[in-house]
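Chain identifiers are assigned alphabetically (A, B, ...) following the order of the sequence lines, protein sequences preceding nucleic acid strands; residue numbering begins at 1 within each chain.
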Protein chains: 2
Amino acid sequence: MIPADDIDALRAFNRVYTNRLGLLDTKLDNSPFTLSEARVLYELANRTDLTGAELARTLRMDPGQISRTIKRFVARDLVAARDDPAHGRHQLLSLTDQGRSTYAALEQSTCTAMGALLETLPPVRRDSLRHAAETLTRIFTDTAPPQPVLRGLRPGDLGLVASRQAMLYAQEYGWTAEFEALAARILADFHTNFDPACEDGWIAEIDGQMVGSVFLVRGEAGAGKLRLLYVEPAARGQGIGDLLVRTCIERARAAGYTRLDLWTNSVLGAARRIYQRAGFVLLEEVPHHSFGHDLIGESWSLAL
Amino acid sequence: MIPADDIDALRAFNRVYTNRLGLLDTKLDNSPFTLSEARVLYELANRTDLTGAELARTLRMDPGQISRTIKRFVARDLVAARDDPAHGRHQLLSLTDQGRSTYAALEQSTCTAMGALLETLPPVRRDSLRHAAETLTRIFTDTAPPQPVLRGLRPGDLGLVASRQAMLYAQEYGWTAEFEALAARILADFHTNFDPACEDGWIAEIDGQMVGSVFLVRGEAGAGKLRLLYVEPAARGQGIGDLLVRTCIERARAAGYTRLDLWTNSVLGAARRIYQRAGFVLLEEVPHHSFGHDLIGESWSLAL
DNA sequence: AAATAATGTTGACTCAGTCATCATTTTACG
DNA sequence: CGTAAAATGATGACTGAGTCAACATTATTT
């Protein structure tokens, strides 16, 4: 079930955008084209040998309207229609030279108008706007389900991991900043003592956004240690946790560890199940008071 | 000058949104209202005693069109118009009972349609969509320049600060992950030894987004230490750095420190100027090799 | 070979959007 | 105070958008 808040947010945006649509339209500058005409021109300029039906589909416009629009363009000598040699019923549409130069002028003026609009925004909002615009473009464009990808570490990742985990566990379990400090320290140590031969870290991303992580560090007595595994709630149930753990195990094996240890807490049920599935065995349970709660720490291990 | 990339991003979004607009419209469900009519209904339902001119302004529609639309609504007994007792030329518009129930039904069905659309998205994208929609709504709605606000620390802040600084200095100065580890360690220590009486941290926000930070910790011999000051590039030039430093100084004074120290690097010119303006004095310059570069560390101090 | 589907076009109709005009009323200003 | 300027609400005229139905023609499927 979709939360009403989500629906409201989208509807509010829809309203605002529609009310301010003029600000983003070609109508602003007194161009000789309507919005629909400009859209048709854009498609014709950026694709080759379109048919009318194809135009109607991509722009979600009425075929009849396309037909009439094209007729107007042909009359103005902006568009040339020639019969498709392969399909007798199809007509291949393309811009004439005049059509192309007219489109270029239109393009120029919309860019100028858009730039003027962006000029009015403070830089912080300009950045937010761009990011939001790119996000929405992706969401409306990519119909394929987003694939989670694993990647290596980049600058800024460590802090982000600590931050997301701190927020998550504060929200879900009420853990205090003590956990955040622990995570920050683990990550600081990770980098300070970093040995590329036998240590590593992975970030899981969807649409370029971090949705999970895992780290492999050197543990005690020839054992590797898996640390800071987490998956964003919204990204759970897609096997991302399994993927992260599997990757970590393989890397631990390649690094020559004889055993892979990890320490977790009994309340982290989702993580526990992932460890179980991966073959880890629960060795020890030790109650402790940390992060503002009475918890049961668990030591798990996997022979490699 | 606005980067062409920003303009392209916004235009691309504009195109995609327009092409898919139908998906977000009242047209989807076979409602008896056009988009414009639905917008007028919405305004009438959510505000009281609107005049036609007011409607035309908020919806950016032609007064003539409003006039005709209202006439249709009055004929359908959805809207009642009564003369304004104060202004003889004004007409106060409001929904009739039938208008209200019709609007409620419309509202219901658009919410359902919107929910159905959100259902098709994977949860990760749903979250992104919501966030982006809220951002854009704010940007198009708030015309007032965004005010930077200072706030205390919340879960997740520490990691975020470390992450942003690491990314920033990696980008601007090519600093290595060594800096990230240092930042993470400083923040871990901050929390581990946290003494609320004489230590503190502040986050500067614009539109709820972090754009800067500063921390006050206990230093040596009764002195306070200012650490991890930073301001996002896009938010610079608005006095946020000054505000952060001033806040930190005041807090240091209140905590009873006799002196406020800080350590920085000569390349961080913007920060240096902030310290100078705040009255800090450069005490010592020590060359060092850190973060992958030859740097000159600087010790500054301010008598309180 | 016949049924089915897609393509491009046209007619009919309503609403959107723009522009000009107008009567009326309110506000601003010398 | 009186007049000029501005705002309000309405209307006519016109083009294009959007929807629906119909149609001839050509491809595709069975």
Side-chain angles (χ1 to χ4, degrees), chain A residues 18-23 25-41 44 49-76 78-94, chain B residues 18-41 43-44 49-76 78-94:
Chain A
T18 309
N19 289 352
R20 298 284 181 281
L21 188 65
L23 297 181
D25 257 3
T26 49
K27 282 294 169 44
L28 234 201
D29 39 282
N30 30 20
S31 97
F33 298 104
T34 66
L35 174 56
S36 298
E37 288 174 333
R39 292 169 66 206
V40 171
L41 269 186
L44 288 173
D49 288 343
L50 274 169
T51 65
E54 187 64 22
L55 261 175
R57 271 192 300 270
T58 56
L59 296 178
R60 284 174 168 67
M61 284 170 63
D62 187 80
Q65 195 173 322
I66 292 288
S67 172
R68 278 181 266 253
T69 305
I70 294 297
K71 203 159 73 176
R72 284 198 303 273
F73 282 165
V74 170
R76 285 205 255 175
L78 301 174
V79 165
R82 60 193 174 80
D83 289 341
D84 188 333
H87 298 255
R89 193 93 188 102
H90 291 203
Q91 282 195 24
L92 303 182
L93 306 171
S94 54
Chain B
T18 309
N19 288 353
R20 298 286 182 280
L21 189 63
L23 296 182
L24 300 168
D25 258 3
T26 49
K27 282 291 170 46
L28 236 201
D29 39 282
N30 31 18
S31 98
F33 297 105
T34 66
L35 174 57
S36 297
E37 287 174 335
R39 293 169 65 205
V40 171
L41 269 186
E43 289 300 323
L44 288 172
D49 288 346
L50 275 169
T51 65
E54 188 65 20
L55 262 175
R57 270 192 301 270
T58 55
L59 296 177
R60 282 175 170 66
M61 284 170 64
D62 187 82
Q65 196 173 322
I66 292 289
S67 173
R68 278 181 266 252
T69 305
I70 294 297
K71 202 159 74 177
R72 283 197 305 271
F73 282 165
V74 171
R76 284 205 256 175
L78 301 174
V79 166
R82 59 193 177 80
D83 289 341
D84 188 333
H87 298 253
R89 192 95 188 103
H90 290 204
Q91 281 195 25
L92 302 183
L93 306 172
S94 53

**Student:** Run the side-chain hydrogen bond (donor to acceptor under 3.5 Å, both in side chains) test against Arg76(B) and tell me which residues pass, sequence neighbours left out.
**Tutor:** none
**Student:** Please work out if Gly64(A) contacts a base, only the sugar-phosphate, or nothing of the nucleic acid, heavy-atom cut-off 4.0 Å.
**Tutor:**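 Base, at least one base atom sits under 4.0 Å.
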**Student:** What's the closest nucleotide to the Asp62(A) side chain, out of dG9(D), dC20(D), dC15(C)?
**Tutor:** dC20(D)
**Student:** Whole angstrom is fine here: how far is it from CZ in Arg57(A) over to C1' in dG8(C)?
**Tutor:**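 Spelled out: CZ on Arg57(A) to C1' on dG8(C) is 12 Å.
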**Student:** Once you round it to whole Å, what is the distance between P of dG16(D) and CE of Met61(A)?
**Tutor:** 12 Å
**Student:** Within the 4.5 Å heavy-atom criterion, are Val40(A) and Val79(A) side-chain neighbours or not?
**Tutor:**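 Heavy-atom side-chain distance check fails, nothing below 4.5 Å.
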**Student:** Checking contacts here: which listed nucleotide (dC15(C), dA17(D), dT18(C)) is nearest the side-chain heavy atoms of Gln65(A)?
**Tutor:** dA17(D)
**Student:** Classify the side chain of Arg68(B) versus the base of dG9(D) as yes if they form a donor-acceptor pair under 3.5 Å and no if they do not.
**Tutor:**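 Donor-acceptor pair under 3.5 Å: no.
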**Student:** Is the shortest side-chain N/O distance from Gln91(B) to OP1 or OP2 of dG9(D) below 4.0 Å?
**Tutor:** no
**Student:** So which protein N/O to nucleotides 26-28 of chain D N/O distances come out below 3.5 Å?
**Tutor:**
residue: dA27(D); atom: OP1; partner: Gly88(A); partner atom: N; Å: 2.2

**Student:** In whole angstrom, what separates Leu59(B)'s CG from dC15(C)'s P?
**Tutor:** 18 Å
**Student:** Take atom CD1 of Ile66(A) and atom P of dG18(D), then tell me their distance rounded to the nearest Å.
**Tutor:** 10 Å
**Student:** Does a side-chain N or O from Ser36(B) land closer than 4.0 Å to OP1 or OP2 of dA16(C), or not?
**Tutor:** yes
**Student:** Do Arg72(A) and Leu78(A) have side-chain heavy atoms sitting under 4.5 Å apart?
**Tutor:**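 Not touching, per the 4.5 Å side-chain cut-off.
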**Student:** Provide, to the nearest angstrom, the distance between the CG atom belonging to Leu92(B) and the C1' atom belonging to dG9(D).
**Tutor:**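 About 13 Å, once rounded to whole Å.
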**Student:** Can you tell me which nucleotide in dT7(C), dA17(D), dT18(C) comes closest to the side chain of Thr69(A)?
**Tutor:** dA17(D)
**Student:** Would you say that Glu37(A) contacts Thr69(A) through its side chain, given a criterion of any heavy-atom pair below 4.5 Å between the two side chains?
**Tutor:**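 The answer is yes; the side chains approach within 4.5 Å.
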**Student:** What I'd like to find out is whether the side chain of Asp83(A) reaches to under 4.5 Å of the side chain of His90(A), using heavy atoms alone.
**Tutor:**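 They are not in contact (no side-chain heavy atoms under 4.5 Å apart), so the answer is no.
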**Student:** Where the side chain of Thr51(B) is concerned, which of dG16(D), dT9(C), dG9(D) is the nearest nucleotide?
**Tutor:**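 My answer, after comparing the listed nucleotides, is dG9(D).
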**Student:** Quick one: closest heavy-atom pair of Leu93(B) and Gly52(B), and the distance?
**Tutor:** CD1-N, 3.9 Å
**Student:** Where the side chain of Arg72(A) is concerned, which of dT10(C), dT11(D), dG16(D) is the nearest nucleotide?
**Tutor:** dG16(D)
**Student:** Closer to the 5' end of DNA chain D via nearest nucleotide, is it Arg39(A) or Lys71(B)?
**Tutor:**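 Here Lys71(B) is the residue nearer the 5' end.
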**Student:** Determine the contact category for Pro63(B): base if any of its heavy atoms lies under 4.0 Å from a base atom, sugar-phosphate if only primed atoms, P, OP1 or OP2 are that close, otherwise nothing.
**Tutor:**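 It contacts nothing in the nucleic acid.
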**Student:** Quick one: are Arg68(A) and Gln65(A) in side-chain contact, heavy atoms under 4.5 Å?
**Tutor:**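 Counting from C-beta outward, Arg68(A) and Gln65(A) never come under 4.5 Å.
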**Student:** Tell me: CD1 of Ile70(A) to P of dT9(C), nearest whole Å?
**Tutor:** 9 Å
**Student:** Without decimals, in angstroms, what is the distance between Leu55(B) CG and dT8(D) P?
**Tutor:**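 Atom-to-atom, Leu55(B) to dT8(D), this comes out as 12 Å.
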**Student:** Hey, mind stepping through Leu92(B) and Thr51(B) against side-chain contact (heavy atoms from CB on, under 4.5 Å) and telling me if it holds?
**Tutor:** CA-CA 5 Å; Leu92(B) 302 183; Thr51(B) 65; 4.0 Å; yes
**Student:** What is the distance, rounded to the nearest whole Å, between atom CZ of Arg76(A) and atom C1' of dG16(D)?
**Tutor:** 11 Å
